[in-house]
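The next block holds one structure in the form of C-alpha cells; read it before the comments.
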Amino acid sequence: MTPAETRAESWSESDAAEAPASEPVAPPVDPGDRTPDGAARDAGPGVAAATTAAATGSGEAGGADAAARSRRWGRRRQDLTVFGLFLLAAVWVTSQIWVDPAGRVASLYSSDPAQVQFFLAHSVRVVLHGEFPFFTEQFNYPDGVNLMANTAILALGIPMVPVTLLFGPAVTFVVLVTLALAGTASAWYFVLSRHVVRSPLAAAVGGWFCGFSPAMLSHANWHPNIISQFLLPFIVWRVLVITRSARPWRDGVLLALMVTAQAFINEEILLFTALACGVFLLAVLAQRPALWSTAWRPLAKALAICTVLAGSLLAYPLYVQFAGPMAYHGLSDAVRDYGNDIAAFFAPGSPTIGGDERANVNLAPNYSEENAFFGWSLALIAVGIVAWLRREMLVRALAATGAFFAVLSLGERVSWWDRELFTGPWEWLVRLPLLDAVVPTRFGLITSVVVGILLALAVERSRALPLERRTLRTLTVAGLVLALLPIAPMPLKVTSRPPVPDFITADRWRGYVGADQTLVPIPVPNMGHTHGMRWAASTNLDFKIPGGYFLAPRNGNTGDPGRFGGRPSGVGQLLEEVASTGRIPKLDDRQRRRSLDELRHWRAAILVLPVGQHHSEQLRRTVEQLVGPGRRELDVWVWDVRALTDRPA
C-alpha cells in the first residue's frame, strides 16, 4: 500500500471535520495529505495519470504516462542532487581524516576510533574464519569481551569487510563516518519529502539538520554507531503508518526486520527511537483520544508480529548480551550521571563555525557528547515555530516529545552554567531495567531530530503566508541563515597518531606468537592507551592481546555493573604510571613474581615496546626489571618471555 492509499483509507471524515482550517488534515504524523485550506492534495503522479487516461481515452494515455515518467525522473534527479550535496558535506566534515586515515585521529580522544577499528577487524574474522560474532578472546585475553554488550557494529562491519580487507580498518572507519552523516541526512530527506512535506527545500532543510546537527558532528569523530541513523526515519514512519494500516501483519514484518538490523548497529539508539515513538503517540492521543478506537487494532497486530519475529531473531544475541560470559548489568555511576547543562541548548557546538571549545567546557560531559548545542538563534527560532504553528496537532506533539527528552537529557542533577540547581527527573528513572545502561545526555539526540522536523514544517508552512513571493523567499532564506549558519559544520579537528610499528606490519611478530599465546603491547592496552588495539586490528586480529578498551563487568565477574576495561592488572597499572609520569619505580622480588604470574595468566609470548613511544626509555628500563633485557628489532624493543611464561608458577 502506498502512503497515499494508507492516508486515504485511514483518515475518516469525522477527523477531517474537527481539524482546524490551518491544520493539515492527515494522520497525526503526516501533514501532507491536504493543503492548508483543507482541500485534498494530489494522490500522486501515478493516480493522476490513470485518471487522465480514463477520462480522455486511450489516445491520450501515452501522453499522460510520458508526463508521469518525466515527473518521476525529475524527482529522481532532484533526490540525487540532494543526496550528492549531503555526501559532499560529509566529505567536507571528514576531510582532515581523509588526508591520512591511518595516521590521523580525533584531536581530543583517540580511544573510540581504535575500539571501532578493532570491531571492524572482528567482522573480517566472522566472515572469513566463521568466528563467533558475539564474543571474542582476541583482546582482554583470557577473559574475553562480550561483543553484544559492546557496540560491535556487526551490521556495519560485515558489509564493509571488502573495504577493510583492501584498505584496512582505519579507512573503513572514515568511510563509515562519511556515509553515516550523508546517509542519515538523505534518509530523513527522503521520508520527509514523501510523507511529511511537499517542498523539496523543506525536506532538504529537515534532512540536513537531522544529519549534520551539532550533536551528530560531536559524535562523528568517535561514534559511527551512534551517527548511523539512516534506518531510523523508516522505522519511525513504519511505526506511525501501522496505527492506520490495512495490512498490519506485513507492516509488522517490515518493522521487525528494520528493528533487527538497527539492533546490530546500536541498541541504545534503537531504544531511544522506541521511546520517542511512544511519547509522540501518547502526545497525539492526549489531543485526539478518539483516534485510539481505530489505531489500537492494527497497532496491536503489527507490534505482535514485530515482537515475535524480532524477538526470535534477536533472542540468542540478547541472551549472550545479558546472560553470557562477561555480561554486565548497568553502567558505572560516572557515566549514568552524564547530563547536559541547560546552557548547552543555547551554545553552538564545538565542531561548528560558531563553536568555541573553551566556552563549552562543563556544558557537556566531554566533547564527544555535545548532544544539544543549538545556539541561541536556532533555540529561539524553534520556540517561535512552535508558537506560530501551535494550532497543528503534529507540531504540538513534536514539541511535547522534544521537550520531554530535553528535560531527561539534563541528567540526575540539573545545572545552569555548571551551577547545580535541583534534582532532575532522570534520578527516578536511572535504575530501571534497560534505562540503567543509557547515557542520559544522549536523549538530546531525540530533541535534535524534533528540531529538524520542525524546521521542515516551518519552511513548508511559510509558503502559505500571504506575502509577495520575493519577500517570502527573502524572509525564508534569512530565517534559515539565522538559524543554521552559526552551527554550520566545520571539518573535524584531528591530530596525528603514531603509525603501526613495522615489526607488526612486516609480520615479524609471527615468529614468536603462537595461536594460543598473546602479544603484550607496552603500555598494556586500556582506555587511555589503545595503540595496541590498532596493531591487532591492522592484522585482522591474527594475534591476541591482554587488556583493551571495552565495557565489562567489574573485576571480570559476570553480572556485576559495567566499567571500562577488564579486571585490574598490576603490570598494566605499573606500566601505565611509568608511561604517564616518566618515573622509573624500583621493583622488589614480590612485584616481579606477581608480574610474572600475570604474564603467565595472559600466556604472553612477547612484550613489544615501540622505540618512539612516549617515555620509551623509562618503560624499557622498567620492563627490564621485570623480565630482563630485551633486544631491538626494527622499530620496537622485544622481550621474548616464552621461557618464563611456559614454566609452571
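Atom set for the values below is all heavy atoms of this structure, side chains included, hydrogens, waters and symmetry mates excluded. None of the values given here were measured: they were computed from a predicted structure.
Not one N or O on the side chain of T441 forms a donor-acceptor pair closer than 3.5 Å with the backbone of S409. One N or O on the side chain of S218 and one on the backbone of Y367 form a donor-acceptor pair closer than 3.5 Å.
What you find for W426 and L408 is that their closest heavy atoms are CB-O, 4.1 Å. The two residues F322 and H329 come nearest to each other via the heavy atoms O-NE2, 3.1 Å. Between M216 and C210, the closest heavy-atom pair is CG-O, 3.5 Å. The minimum heavy-atom distance linking A397 with Q287 is given by the pair N-NE2, 3.7 Å. Taking each heavy atom of A283 and A400 in turn, the nearest pair found is CB-CB, 4.2 Å. Across S228 and Q262, no two heavy atoms sit closer than the pair O-OE1, 4.1 Å.
The distance from atom CG of N266 to atom CD1 of I226, rounded to the nearest 0.5 Å, is 5.5 Å. Atom CD1 of I385 sits about 11.0 Å away from atom CG of L398, to the nearest 0.5 Å. A distance of 9.0 Å separates CD1 of I227 from NE2 of H219, quoted to the nearest 0.5 Å. For the atom pair L480 CG and S462 OG, the distance stands at 8.0 Å (nearest 0.5 Å). Between the CE atom of M326 and the OG1 atom of T136 there is a distance of 12.0 Å, given to the nearest 0.5 Å. Of the inter-residue distances, the one linking T260 atom OG1 with L231 atom CG reads 10.5 Å to the nearest 0.5 angstrom.
When side chains are defined from C-beta on, L435 counts as touching L275, because their heavy atoms get closer than 4.5 Å. Using a 4.5 Å heavy-atom cutoff, the side chains of P317 and M148 are in contact. With contacts defined as side-chain heavy-atom distances shorter than 4.5 Å, the pair W292/L299 qualifies. Residues F404 and P425 form no side-chain contact, since every pair of their non-hydrogen atoms from C-beta on lies 4.5 Å or further apart.
Of the candidates I269, I153, N150, L176, I153 is the only one forming a side chain to side chain contact (heavy atoms under 4.5 Å, CB included) with N225.
Taking the six-membered ring where tryptophan is involved, the planes of F443 and F272 are tilted, since the angle between them lies from 30° to 60°. Between F190 and F234, the two ring planes are tilted [angle within 30° to 60°].
Pairs of residues two or more places apart, or lying in two chains, that qualify as side-chain hydrogen bond (donor to acceptor under 3.5 Å, both in side chains) and include a residue from residues 306-325 are E267-Q321.
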